[in-house]
Structures are given as structure tokens and as C-alpha cells.
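Convention: sequence-line order gives letters A, B, ...; per-chain numbering from 1. No hydrogens, no waters, no symmetry mates; every other heavy atom, side chains included, goes into these values.
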2 protein chains.
Amino acid sequence: MSNNWHDEVLADVEAGVRINDRHIVDRIRQAVLMQRLPPGTRLPEVALGEIFGVSRSVVRKALTRLASDHVITQQPNQVARVSAPSIEETREIFAARRLIEGEVVALLAGKLDHDQCRTVASYIEAECQAHLDDDEAQRIEHSLAIHHYLADHSPNRTLGAMLSDLILCTSIVIALYKRAGLASCYLENDHAELLALLERSDAEGARHCVQTHLTALEALLDLRPQDKSIDLAAIFGKTG
Amino acid sequence: MSNNWHDEVLADVEAGVRINDRHIVDRIRQAVLMQRLPPGTRLPEVALGEIFGVSRSVVRKALTRLASDHVITQQPNQVARVSAPSIEETREIFAARRLIEGEVVALLAGKLDHDQCRTVASYIEAECQAHLDDDEAQRIEHSLAIHHYLADHSPNRTLGAMLSDLILCTSIVIALYKRAGLASCYLENDHAELLALLERSDAEGARHCVQTHLTALEALLDLRPQDKSIDLAAIFGKTG
DNA sequence: CTATTCGATTTTGTATACAATGAATGTCCA
DNA sequence: TGGACATTCATTGTATACAAAATCGAATAG
């Protein structure tokens, strides 16, 4: 499972790409984003150092930054792990993202020029196509591209940076709490509708559209209490 | 100027307090918050290491975290400095804080119990008293205590953490852009009014109150373009 | 007098060694 | 059998050494 990721990194090293802590941060963020590093994954410093071909110093710096962004969780004298937010935190993350992404798209309404709208449109198109092809990995990648594009072009860069972090956290909790039977978290038309509202300079419409979209996304998750712990008891319980 | 800060740290070391990176982060955050470390201040690693009695490793970790929170600015191979946001960034910080602190107090309306309200009331009282005493340092400390208390008690902890960072950034830009003649950024009654609205469970009233408060605070700053650079030209200009 | 280049110093970047802590496993005794 | 304890291994915490880069100043050429 994590072999793919490992191999890609090795390819970089062989290609003589200069690896610094920023690179490592980006790589791990990307892997978490694409759900190739599931929540709870152990991230020992020496292992990462060997994979990226650097010493622990660089890895540690990268891990510190990732911890600040809540991508990983560090406790003293314990290995870093990909964050696994609780159900309550998950709801809070969605609420925060509704507030901030809503504001960002409201600020963005009418501010994208023709070329930028076409770029977003191409992402939406690609997402739809990937969905038709049943290529979930591709679909997630294109979906994230849309939201990251909005974050990166936020007129308010402070809010844009916050949104980037929240997109990452959202991706983590989706990987954690996605309903078992659900193949994909695809919501048809939402993105296209948002783009139309942005082009029409309808700030409040765009805000509402995004907030509805995120609420629908949250509703696709299984956020009922007691989940993981009960599994073991149910499978190996005393009745067996 | 920074001797005060230096001495305090030494006192800690002598008292045998265990210094780790978190301690250093808190100390520097506090110093920035209290405007004892003005924007642009150099923060060399070895100097900090000697002051806190630790090696560069620990200092570097602390600096990395501070950079993630935008408290300091790091560029490769250059000494870290206390952040000095541009005028545009300053406006964005205030806009972001209006959005987020507004939401936090709206969520908080009616949620504080009697004791918590009394705690906030005591901070407000202390701020007012410090203002009457012309003790600006104390006034800032109590004012920050109010806002940090709200951030720490936010029902949505994600938004609360974001607000904490924004309070810090706000403190930095106030130190940077405070109008020359202005002794203090004290806005009478705003905090008391906010508390009354929170007790009355008036969420939208509280949101509006905070947003107005922050807009008034921003208006006290001198955010006209061309400031620092023109000074030099005016003073040492070719006409001299 | 100004601009530029060179060198010395300061400061950060990285690797590594060693200490300290934690987790896991195995052992002993009741 | 079952639990307390000790040992071992894995992993992080910290300090330090050395390399690389930037900054500052002085000397020099125009």
C-alpha cells in the first residue's frame, strides 16, 4: 500500500532532486491528501530519513511543521502518527471550513477572470470524467485541485492559507469516517453550480452553495459515536 | 529594552525550570504579544540558545513552530525575525479575525456560566483600571487576556486555535502600525458591551459587537501606503 | 567620492553521536 | 495460570561538529 509512495520518493532521489524539509512536508501532505497514508500511520524519523535520503534533522523539521498544521500528531518520546481526529473534532473541522471557505468564495465571486474560470472548469470536467471512469484516486485529485485553486486565489491570503489547512484536515477525516459501503464522496453538479455562481458574481449564493456542499459531504460520513473500539468486541466477543 | 525579557529568562533557568521548545515558544510568543520584541527583531539561534540554556536543536524546533504560526519569518540561510506584515496583510489579518472571532463569540453566546462570566468581568475591570492608571503594558495584558479567554473557551476548538494565532498577529501589527501620537488602543465599553451580549445569549449581537470593535481598532492604525520608505527619502532627499 | 570585490565573521544547514525514554517481550515466582 | 518485574529493542531528545551560505567591513580601482 505504501510501496507506491516509497517508490515515487526513491525515483526523486535517484533523479538527483534536492530534498529539503519543505519537499518532505509537501510529499507527506500530498500522500495524506490522496489517502495513501491513512490516519494513524506511524512515521518514524529514521525510516523517513532513509526513504528521503536525508538525516533525522531534516525529517524532524518537516515533522514539526506537519504537526503545526495538525496533519500529524506528536507526543513526547513517541512516534509521530498521521492525525486521526475524533468525531467531535471532525464536526468542528467541517464547521470551520464552512465558515472560511464560504467567506473565501464570497470574496472570490466575480473576481476570477475568464482564463481562471476556464481552469476551474477543466478541473470540474476532469473530476466528472474520473467519476465516470470509476477512478476514485483521480477523482479525489481533481476535486482537491478545485478547492485548492480557490484557496490559493483567495483575495485574503490569510484566510486562503487557513482554508488550505482545513482542506487537508477534511481529507483526513473523510478517509477516517467514510461509510463502509460508499465508493466515493462525489456530489454531482455542486462544483459546476459553484463556478456558475462565481462567474455571476453572486457572493452570497456562492457562500451558500459551498456551505451546502460541505454539509452534504459531512452527511456522507459515518459520525455515529463508538465505532472503532466496538469492532474488536463484536468480532472476537465472548459469544464467539 | 530586551533586557527585561532576558533577565526573566535567566531567572527561570536559575530556578531550575525545565526548558524545552514549548517553553521557548511560549516565552517568545508572550514577549511578542507584550510588544517587548518589536517586529523585525533579529532572533539568532545561538543567542537564544545561550539565553535559554539549551542547544541550537531546541531553539530551532521552537523557531520552526513560531514560523508556522506566522509569529516570526524565516528565510533560508537567514536569521529569523519577528514578523512585520505588510499593510495589505494587516488588513487581511483584521478581516480574518473579524470573521473568526465573530463566529466564536456567536457560538459562545449563552454558553458561559456565571463563574466564567465573572472571570471575564474581572479582566475587563482590570483593563479599565490599568487604563486609568496609564499603565499601558498592564492594559494590553488584560485586554489580551479577555480575547484569549474567549478563544480558549470556543465551543469549536479548531476555530479557537485559529483565533489564538490571529490575536497574536493582531498584536504584532498594532505594534507596527500604531499611530505615532496614540498612547493606547483602548476602546472604552466595547468589552463590557460584549460581555453583556454574551450573557444575554444574543449571538448575532455579540458577533456584530466584536466586528465593530475590531474595525474600530483597525481604524486606530496608520495604514496609509508608503510609510517607512518615504521617511528616508524625505529626510535625506536630494533637496537637502 | 563611489562602486566593487575580496575576505573575515557571523549564522544557518545537515549529519551524527550519545543519552533517555517507551514499548514489547520474556521470565520468574506465587 | 497470571501478574509483577526485568531485559531488550526501537525511537525520540539533545548536544555538538563541520559545511555552506550570507552579512559586514575594508581595501582597492575607477
Side-chain angles (χ1 to χ4, degrees), chain A residues 2 6 9-10 12-13 16-28 37 40-84 232 236 238, chain B residues 2 6 9-10 12-13 16-28 37 40-84 232-233 236-240:
Chain A
S2 72
H6 189 286
V9 173
L10 282 185
D12 265 13
V13 173
V17 174
R18 204 193 188 73
I19 304 282
N20 56 11
D21 61 290
R22 189 167 180 163
H23 243 265
I24 298 176
V25 169
D26 286 345
R27 279 319 200 80
I28 294 180
L37 287 180
T41 305
R42 287 164 52 96
L43 298 172
E45 296 175 0
V46 280
L48 292 174
E50 285 168 10
I51 290 173
F52 287 104
V54 295
S55 80
R56 279 178 55 214
S57 316
V58 185
V59 173
R60 278 174 76 77
K61 188 165 181 178
L63 291 179
T64 302
R65 296 170 87 146
L66 289 165
S68 290
D69 294 345
H70 303 104
V71 179
I72 68 170
T73 304
Q74 278 183 312
Q75 276 171 351
N77 295 311
Q78 273 170 268
V79 309
R81 291 170 179 276
V82 177
S83 292
L232 275 185
F236 305 111
K238 315 244 168 174
Chain B
S2 72
H6 189 287
V9 172
L10 282 184
D12 266 13
V13 172
V17 174
R18 209 196 195 65
I19 304 282
N20 55 11
D21 59 291
R22 189 168 180 161
H23 240 265
I24 298 176
V25 169
D26 286 345
R27 277 320 199 78
I28 294 180
L37 288 179
T41 304
R42 289 164 52 96
L43 298 172
E45 297 176 358
V46 281
L48 291 174
E50 284 167 10
I51 290 172
F52 288 103
V54 295
S55 80
R56 279 179 55 214
S57 318
V58 185
V59 172
R60 280 175 74 77
K61 188 165 181 178
L63 291 179
T64 302
R65 296 170 87 143
L66 288 166
S68 289
D69 294 345
H70 304 104
V71 178
I72 67 170
T73 304
Q74 277 183 314
Q75 277 173 350
N77 296 312
Q78 271 170 270
V79 57
R81 292 170 179 275
V82 177
S83 292
L232 278 183
F236 304 111
K238 315 246 167 175
T239 64

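- Across the protein-nucleic acid pair, Leu43(B) atom CG and dT11(C) atom P stand 12 Å apart, rounded to whole Å.
- Residues from residues 73-83 of chain B with heavy atoms under 4.0 angstrom of DNA chain D, sorted by number: Asn77(B), Gln78(B).
- Atom-to-atom distance recorded for Arg81(A):CZ and Gln75(A):CD is 9.5 Å, nearest 0.5 angstrom.
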Taking distance alone, no hydrogens or angles, what donor-acceptor pairs closer than 3.5 Å link side-chain atoms of residues 56-63 of chain B to residues at least two apart or in another chain?
unit_1: Arg56(B); atom_1: NE; unit_2: Glu45(B); atom_2: OE1; d: 2.9
unit_1: Arg56(B); atom_1: NH2; unit_2: Glu45(B); atom_2: OE1; d: 3.0
unit_1: Ser57(B); atom_1: OG; unit_2: Ser55(B); atom_2: OG; d: 3.3
unit_1: Arg60(B); atom_1: NH1; unit_2: Glu45(B); atom_2: OE1; d: 3.3
unit_1: Arg60(B); atom_1: NH1; unit_2: Glu45(B); atom_2: OE2; d: 2.8

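- Asp21(B) places none of its side-chain heavy atoms less than 4.5 Å from the side chain of Thr64(A).
- Rounded to the nearest 0.5 Å, atoms CD1 (Ile51(B)) and CZ (Arg27(B)) are 11.0 Å apart.
- Counting heavy atoms from C-beta on, the side chains of Leu43(B) and Ile72(B) come closer than 4.5 Å.
- Boundaries of the chain A contact region on DNA chain D are dT11(D) to dT14(D), first to last in 5' to 3' order (nucleotide atom under 4.0 Å from a heavy atom).
- A side-chain donor-acceptor contact under 3.5 Å links Ser83(B) to the backbone of His70(B).
- Here the C1' atom of nucleotide dT12(C) and the NZ atom of Lys61(B) are 19 Å apart, to the nearest Å.
- Between atom CD1 of residue Ile24(B) and atom CZ of residue Arg65(B) there is a gap of 10.5 Å, rounded to the nearest 0.5 Å.
- Contact check for Phe52(B) versus His23(B): no side-chain heavy atoms found under the 4.5 Å cut-off.
- Of the two residues near DNA chain D, Val54(B) and Arg42(B), the one whose nearest nucleotide lies more 5' is Val54(B).
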